[in-house]
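This structure is a prediction, so every number in the text was calculated from the model and none was measured.
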Amino acid sequence: MLPSLTLSTMCTLIQLAWAGWVCTWTTLLLFLLAIFNACAIISRFTRIAGETFGMLISVLFIQEAIKGLVSEFKALKSVEPNSPKDQFQWLYTNGLLGIIF
């Protein structure tokens with residue numbers, strides 16, 4: 001008869017087994033890559049991956065810049081909705097100054 005295992009003990013055993021198989025497969029694949037000289041193949045894809053990552057970063061920066069620029073033209077959620085600082089002229093001027101500077 002098997003002893004009863006608690007949930008935490010069972011999760012620990014499953015985690016150790018999973019980590020063991022991950023290490024085994026990683027070792028096997030690394031040996032295969034070394035045998036077939038995969039560095040020659042990988043060097044062709046490195047520039048493409050670097051350029052794609054750079055493009056992703058630049059698109060994210062442009063997206064955040066556009067969000068910030070659009071928020072310059074929006075009225076603030078203030079306590080007094082008819083306050084002078086929430087008038088159209090001030091919002092428009094603030095937005096234009098955000099574009100210029």
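Under the rule for a side-chain contact (heavy atoms from CB on, under 4.5 Å), the partners of I57 that lie at least two apart in sequence or sit in another chain are F53, F61. With sequence neighbours excluded, the residues satisfying side-chain contact (heavy atoms from CB on, under 4.5 Å) with I14 are M10. Under the side-chain contact (heavy atoms from CB on, under 4.5 Å) criterion, Q63 pairs with L60, K67, sequence neighbours left out.
Using a 4.5 Å cut-off between side-chain heavy atoms of Ile, Leu, Val, Met, Phe, Trp and Tyr, M55 falls into a hydrophobic cluster with V59. V22 belongs to a hydrophobic cluster with W18, counting contacts under 4.5 Å between side-chain heavy atoms of Ile, Leu, Val, Met, Phe, Trp and Tyr, direct or through other members.
We find the OG1-CG distance between T24 and L29 to be 11.0 Å, quoted to the nearest 0.5 Å.
Tested against L30, the residues T26, L32, T27 include a single side chain to side chain contact (heavy atoms under 4.5 Å, CB included) partner, T26.
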